[in-house]
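See structure below.
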Amino acid sequence: MTRKVVQPTWSYHLEHRWLPAEAELVSVVSDSERDRRHRTWAVWRLIGLRLAQAVFVLWAAITVTFVAVHLMPGDTVSLLLGENRNDEVLRASTISRWGLDQPIWLQYLIYLRRIPSGDLGTSYTLRKPVGELIGELMAPTFQLAATALVCAILIGFLIAYATTGRTPLLRSIVNTLELVFLSAPPFWIGIVLLAVFSFKLGWFSVIDYTSWESLVLPVAAIALPMGFYLAQVLRDGIDRALEQPFSLTARTRGLTWGQVRSHHALRHAALPAISLIGLIAGGLLGGAVITETVFARPGLGQIAVSGVQVKDIPLILGIALVTTFAYVVASTAADLVGILLDPRLRAGQKA
Amino acid sequence: MATTDVESATVPAARVRSRAARWASWRWSVVLAGLLLGLAVVAAVWPSLLTPIDPLRADPLQSNLPPSAQHWAGTDLQGRDLLARIVYGARYSLVIGLGAVLVSVLVGTVLGLLAGAGPSWLDQLISRAIDILCAFPSVLLALVFIAFTGPGVPNLILALGLGGIPSFARVVRSQVFVARTSGYAEQARTYAVPAWRIVLRHVLPNALGPLPILATLGLGGAIVGSSGLSFLGLGPQPPAAEWGLMLSDSRNYLRVAWWTGVFPGVALTAVVISATVVGRWLQRRYERRF
C-alpha cells in the first residue's frame with residue numbers, strides 16, 4: 001500500500017533532508033546500565049551534531065554572500081551604493097563600514113563580526129538601515145506565514161485522517177486535488193481565489209490589509225498546497241502503520257479503525273510530518289514573497305522584489321540572510337523535536 | 001467507515017485487484033499527459049500551426065473581450081488574442097524549463113561523479129558545498145542570483161538551474177557509489193583497466209539511469225519557478241507572450257476580465273501536471289525493472 005510521495009513542484013529544496021547520518025549507525029539494544037548510558041550519550045551526540053551542522057550552514061551562508069559581493073566585476077563600493085555611487089560622504093562611510101580599504105582577509109573578519117550583530121548595511125534605494133527595514137516589514141509577513149502554517153497543519157491532519165478510512169471515492173477525489181494543488185503555481189492559486197472569492201462573490205475584501213478579512217485568501221493560497229503536501233506524507237505514514245501487526249492487535253482489543261488511526265497510526269506518521277513541518281515553516285518566509293505580490297500586501301516580499309528590480313544589493317543580501325536564518329532555525333528545531341520524540345531513536349534502535 | 005471487519009485489512013487479493021485497477025486508470029492519464037506535452041512541444045516549435053493570429057497585434061477596440069467564437073479565450077487589455085498568446089507562450093516556458101533542467105543535470109552529474117569517484121576529500125568538499133546550496137530556499141536563491149546578474153531569459157535559466165543542482169548531484173553520487181563497487185567494475189579492475197576508463201566506460205553510464213526520470217519530474221518545478229519569477233517581472237520583459245507575465249498583467253483587471261487571469265494559469269498547470277504524471281509513470285516503470 002505504500003506509494004511514492006509526490007514532491008510539490010514549487011519548492012524542490014524541501015526534498016533535501018539533513019538527517020544526521022549517525023542515526024543509522026546506533027543499532028544495539030540492550031538493558032544493561034552501561035548500554036543505557038551509551039544510548040543517552042548517543043542522543044546527545046546526535047543533537048550536538050545537528051546543532052553544529054546548523055551553525056556551519058549559517059556561517060557558510062554568510063561567507064557565500066561575502067564571496068558573491070566580491071566576485072562581482074567592477075568596483076565593490078559602487079555595487080553597494082547603486083545610484084548613490086557619486087555621493088562622497090556615503091562612499092567614505094561605506095568604505096569604513098565594510099573595511100574596503102583593508103586587505104581582503106580583514107574585510108572578511110569585519111563582515112563576519114558585523115552580520116551576526118544585526119548590522120546588515122544600508123539600502124540605497126530606501127535610504128534606511130536594512131536591519132531596521134526588515135524589522136518593520138517582518139510583522140505582516142510573519143503574521144501571514146504563521147497563520148498559513150497553522151492552517152496548513154490543520155488541513156494536512158484533517159485530510160490525512162479523512163482519507164485513510166476505507167473510502168475509495170473520497171481518496172481518489174483527494175488524489176486528483178492533490179495533483180492539481182501541488183502542480184499549480186502558488187501565485188496562480190492566489191489569482192484564482194482572488195477572482196472567485198473577492199471579485200465574483202465579494203466575500204473577502206483584500207483592500208484593507210490590516211483586517212482579518214484580507215488575510216483569508218493569501219493564507220488559503222499558501223496553506224492549501226502545503227496542507228495537501230503534508231497530508232500526503234501523513235497518509236503514507238498512517239497507511240504503513242496500519243499494515244503493522246500492532247494495528248491488528250489493537251483491533252482485536254476492540255478498538256474501531258477510527259480509534260486505531262487516531263491513537264496509534266497517527267503517532268507513527270507524525271514523525272516524518274514534524275520534520276516536513278520544519279522545512280515548510282522555514283521556507284514560508286521566502287515563499288511568501290510571491291503571494292504578497294499577488295495580493296499587494298506590504299511585507300518582506302514587497303521590498304525583496306523591488307530590491308531585485310533596482311539591484312539594491314545590501315537589501316537583497318539582508319533579506320536572504322534573514323530568511324536563510326529562519327529556514328535553518330526551523331528545520332533544526334524540527335529535527336531536534338524528532339530526535340527527542342522518537343522512542344526508537346532515543347533507545348538507540350535503528351529507526 | 002465502509003468496512004469494519006478485520007479481514008479486509010489483510011486479504012491480499014483485494015489489494016492486488018485495486019492495484020491493477022489503479023494501474024489501468026494510470027495508463028489513460030499517462031496517454032492524456034503525453035498528448036498534452038506533445039501539444040505544448042508543437043506550440044513551442046511551430047506556434048503558427050495552432051493559431052493564425054499574431055500574439056503581439058494589439059487592437060484597442062477589442063480590449064478585454066470575454067471568450068467568444070472569434071476569440072476562444074477572450075482578449076486582454078490591449079485587445080490581443082489571449083489564446084494566441086498562450087500558444088506562443090509555450091516556447092518561453094519549455095525553453096526556460098528545459099534549459100534550467102539541463103543546467104542542473106549537467107552540473108549535478110559532473111559534481112556527483114567527482115564526489116562519488118574522486119578522492120574522499122573531494123567528496124567531502126562537494127557534499128558540504130551541496131549542503132550549503134540547500135540552505136537557501138530556492139525562490140531566494142533565484143532572487144539573489146538575478147539581483148546580481150540582472151533580469152533576462154539566460155539569467156533566469158541559470159538561476160533556476162542552480163536550485164536544481166543538489167538533487168541531481170546527490171542521486172548521481174549515490175549511483176556512482178553503487179556502480180563503483182559492482183561486479184562489473186570489480187572485473188574491469190582485475191583486467192587492469194585504468195581507473196579513469198572504468199569510471200567513464202562502466203560507472204558513468206550505469207549511474208545515469210534514473211536521471212531522465214528526475215529530469216522529467218524536475219521540468220514541472222522549473223516551469224513553475226520560471227513563471228513565478230516572470231510574474232515578479234524578472235524574466236522576459238513585456239510585451240513578450242509569457243504565461244507568468246500574462247498573469248502578472250491580469251492582476252489589475254481581474255474584476256472586469258477574469259479570463260486573463262485564469263487561462264494562462266490553466267495552460268501552465270496542465271503542462272506541469274503532464275510532466276509530473278509522465279515522470280511518475282517513467283519512475284514506476286524504472287522501479288519495476290528490479
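In the text below, chain A, chain B and the rest are named by the order of the sequence lines, each starting its count at 1.
Distance check, rounded to the nearest 0.5 Å: CG of A:L182 to OG1 of B:T269 gives 12.0 Å. Taking CD1 of A:I290 as the reference point, atom OG of B:S227 lies at 7.5 Å (rounded to 0.5 Å).
Between B:L234 and A:V305, the closest side-chain pair of non-hydrogen atoms is not below 4.5 Å. Residues A:P186 and B:V224 have side chains in contact (heavy-atom distance under 4.5 Å, counting atoms from C-beta outward). Residues B:R128 and A:V57 form no side-chain contact, since every pair of their non-hydrogen atoms from C-beta on lies 4.5 Å or further apart. Between A:W188 and B:P264, the closest side-chain pair of non-hydrogen atoms is not below 4.5 Å.
In terms of heavy-atom proximity, B:R251 sits nearest to A:V294 at CD-O, 3.4 Å. Annotation for B:F148 and A:K311: closest pair O-NZ, 3.2 Å, computed over non-hydrogen atoms. For the pair B:L268 and A:P185, the tightest heavy-atom approach, listed with the atom from each and the gap, is CD2-CG, 3.4 Å. A:S183 and B:T276 make their closest contact through OG-OG1, 3.9 Å (heavy atoms, listed as atom of the first residue, atom of the second, distance).
The main-chain N or O of B:L232 is found under 3.5 Å from a side-chain atom of A:Q309 such that the two form a donor-acceptor pair.
Within 6.0 Å of the CZ atom in A:F325, the count of heavy atoms belonging to other residues, nucleotides or ligands does not exceed 12.
Heavy-atom pairs under 4.5 Å with chain B were tallied for A:V64, A:I313, A:T323; the largest tally goes to A:I313.
Only the side chain of A:L317 comes within less than 4.5 Å of a heavy atom of chain B; its backbone N, CA, C and O stay farther away. Residue A:V69 touches chain B through both its backbone and its side chain, counting heavy-atom pairs closer than 4.5 Å. Using a 4.5 Å cut-off between heavy atoms, B:L143 touches chain A through backbone and side chain atoms alike. For B:V271, no part sits under 4.5 Å from any heavy atom of chain A, backbone or side chain. With a threshold of 4.5 angstrom between heavy atoms, A:A296 does not approach chain B through any atom at all.
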* **Worked verdict on A:I191 versus B:F231 for side-chain contact (heavy atoms from CB on, under 4.5 Å)** => CA-CA 12 Å; A:I191 287 179; B:F231 178 80; 4.0 Å; yes
